Amino acid sequence: DLHRAFGSNRAVDGVSLAVRAGEAYGLLGPNGAGKTTTMRLLVGALRADRGEIAVGGYAIGRQTEQARAHIGYLAQRFSLYGDLTVLENLTFFGAVRGLRGPALATRAAELLKFVGLAAFETRQADKLSGGMKQKLGLACALIHQPQVLLLDEPTGGVDPVTRQDFWQLLIRVLAEGAAVVVSTPYMDEAARCARVGFM
């Protein structure tokens with residue numbers, strides 16, 4: 001029962017959802033419907049005016065860090081470091097999530113192969129195509145093997161082939177048991193999800 005207003009604008013007005021392990025939940029709506037605000041509430045970047053959020057059994061309002069430890073988040077806009085290489089970005093986000101040494105190197109190599117960027121590990125992130133940036137963002141969101149993956153319009157502005165590739169990666173993530181919430185304005189993407197919430 002999430003609520004969040006900005007002045008008189010009720011951006012999120014009574015959103016309720018539950019997502020199980022291995023399930024993709026689509027949050028479908030046009031621009032301005034409140035999808036990004038909902039995502040920011042779920043990750044703990046904004047506080048709800050009213051309502052409760054629990055991730056992995058932890059209340060995000062009271063146990064924020066424990067809840068965030070279970071979340072991988074890919075923001076709507078590319079939010080990685082453009083002056084760092086692909087591998088440096090992945091290594092940085094892994095270190096922030098507590099990975100070190102050989103475990104971090106192994107996980108980074110696995111993810112670069114998984115998202116198809118192993119051949120580009122020395123390329124600066126701001127020199128990647130839009131689709132490659134999204135794949136790097138996904139790899140960074142997955143670096144700590146989160147139970148919950150929040151994807152805010154992850155295929156916005158990329159070509160149809162890249163969208164298809166991205167969804168093939170998500171199918172593999174779901175098969176590993178993650179709960180995925182994906183916001184999208186595209187009906188065809190929402191149709192790939194087990195359940196859909198309309199905003």
Side-chain angles (χ1 to χ4, degrees), residues 19 21-28 35-36 39-40 42-43 45 68-99 103-194:
V19 186
E23 179 185 32
Y25 185 97
L27 208 51
L28 176 66
K35 299 184 305 296
T36 294
M39 289 290 194
R40 294 183 69 206
L42 294 176
V43 81
R68 283 183 180 160
H70 297 285
I71 298 172
Y73 178 54
L74 179 57
Q76 188 175 16
R77 289 178 297 193
F78 184 69
S79 58
L80 304 177
Y81 295 98
D83 56 340
L84 297 181
T85 67
V86 166
L87 182 59
E88 287 169 341
N89 266 288
L90 203 48
T91 302
F92 171 77
F93 282 97
V96 166
R97 291 298 196 160
L99 297 174
L104 175 54
T106 300
R107 181 68 178 154
E110 286 172 358
L111 284 169
L112 288 176
K113 185 176 178 185
F114 176 74
V115 299
L117 292 178
F120 302 95
E121 68 177 35
T122 59
R123 184 174 294 183
Q124 279 187 300
D126 63 3
K127 300 233 176 9
L128 298 173
S129 69
M132 292 169 80
K133 286 178 179 177
Q134 289 303 87
K135 289 176 182 178
L136 175 58
L138 178 62
C140 289
L142 292 172
I143 190 71
H144 61 300
Q145 297 178 296
Q147 293 177 332
V148 177
L149 186 60
L150 303 176
L151 306 171
D152 191 7
E153 297 193 22
T155 62
V158 300
D159 63 85
V161 173
T162 301
R163 282 176 66 193
Q164 180 67 22
D165 290 347
F166 195 88
W167 272 96
Q168 290 304 313
L169 293 173
L170 286 187
I171 289 167
R172 291 165 61 189
V173 169
L174 288 163
E176 292 175 2
V180 176
V181 179
V182 57
S183 72
T184 180
Y186 305 120
M187 187 70 80
D188 63 317
E189 282 196 344
R192 295 172 180 259
C193 297

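We count residues from 1, following the sequence as given. What's counted below: heavy atoms across the whole structure, side chains too, no hydrogens, waters or symmetry copies. If you're wondering where the values come from, they're calculated on a predicted model, not measured in any experiment.
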Closest approach of Cys193 and Trp167, non-hydrogen atoms and distance?
-> SG-CH2, 4.0 Å

Can you check whether Leu138 reaches Leu149 side chain to side chain, under 4.5 Å on heavy atoms?
-> yes

Kindly say whether Leu142 contributes a backbone atom to a donor-acceptor pair with the side chain of Arg97 at under 3.5 angstrom?
-> no

Determine, step by step, whether Phe114 and Val173 satisfy the side-chain contact (heavy atoms from CB on, under 4.5 Å) criterion, reporting the C-alpha distance in whole Å, the side-chain angles of both residues, the deciding distance to 0.1 Å, and the verdict.
-> CA-CA 10 Å; Phe114 176 74; Val173 169; 3.9 Å; yes

Please list, chain by chain and in numerical order, all residues satisfying side-chain hydrogen bond (donor to acceptor under 3.5 Å, both in side chains) with Arg163, sequence neighbours excluded.
-> Asp188, Glu189

Heavy-atom closest pair, residues Gly72 and Pro146 = N-CB, 3.4 Å

Measure the spacing between OG1 of Thr36 and CD of Gln76 and express it to the nearest 0.5 Å.
-> 4.0 Å

Closest non-hydrogen contact found for Thr155 with Phe166 is CG2-CD2, 3.9 Å

Heavy-atom check, side chain of Tyr73 versus side chain of Met39, under 4.5 Å = yes

Return the minimal non-hydrogen interatomic distance between Ala21 and Gly177, and the atom names on each side.
-> CB-O, 3.4 Å

Pairs in or reaching into residues 173-183: which pass side chain to side chain donor-acceptor pair (under 3.5 Å), with residues at least two apart or in two chains?
-> Asp152-Ser183

Closest heavy-atom contact between Ile71 and His144?
-> O-NE2, 2.9 Å

Mind checking the OH-CG spacing from Tyr81 to Asn89? Nearest 0.5 Å is all I need.
-> 8.5 Å

Single hit among Val180, Val182, Val181, Val19 for side chain to side chain contact (heavy atoms under 4.5 Å, CB included) with Leu150 = Val181

Side chain to side chain donor-acceptor pair (under 3.5 Å): pairs with one or both residues in residues 125-142, sequence neighbours excluded = Gln124-Lys127

Pairwise distance CG(Leu90) to CD(Glu88) - rounded to 0.5 angstrom = 11.0 Å

When rounded to the nearest 0.5 angstrom, what is the spacing between CG in Leu136 and CD in Glu121?
-> 12.0 Å

Say you draw a straight line from CG of Leu87 to CG of Leu111; how long is it, rounded to the nearest 0.5 Å?
-> 11.0 Å

Could you tell me whether the side chain of Ile143 reaches within less than 4.5 Å of the side chain of Val96, counting heavy atoms only?
-> no

In Å and rounded to the nearest 0.5 Å, what is the CD1 to CZ distance from Ile171 to Arg192?
-> 6.5 Å

Can you name the nearest heavy-atom pair linking Met187 to Leu28, along with the distance?
-> SD-CD2, 3.5 Å

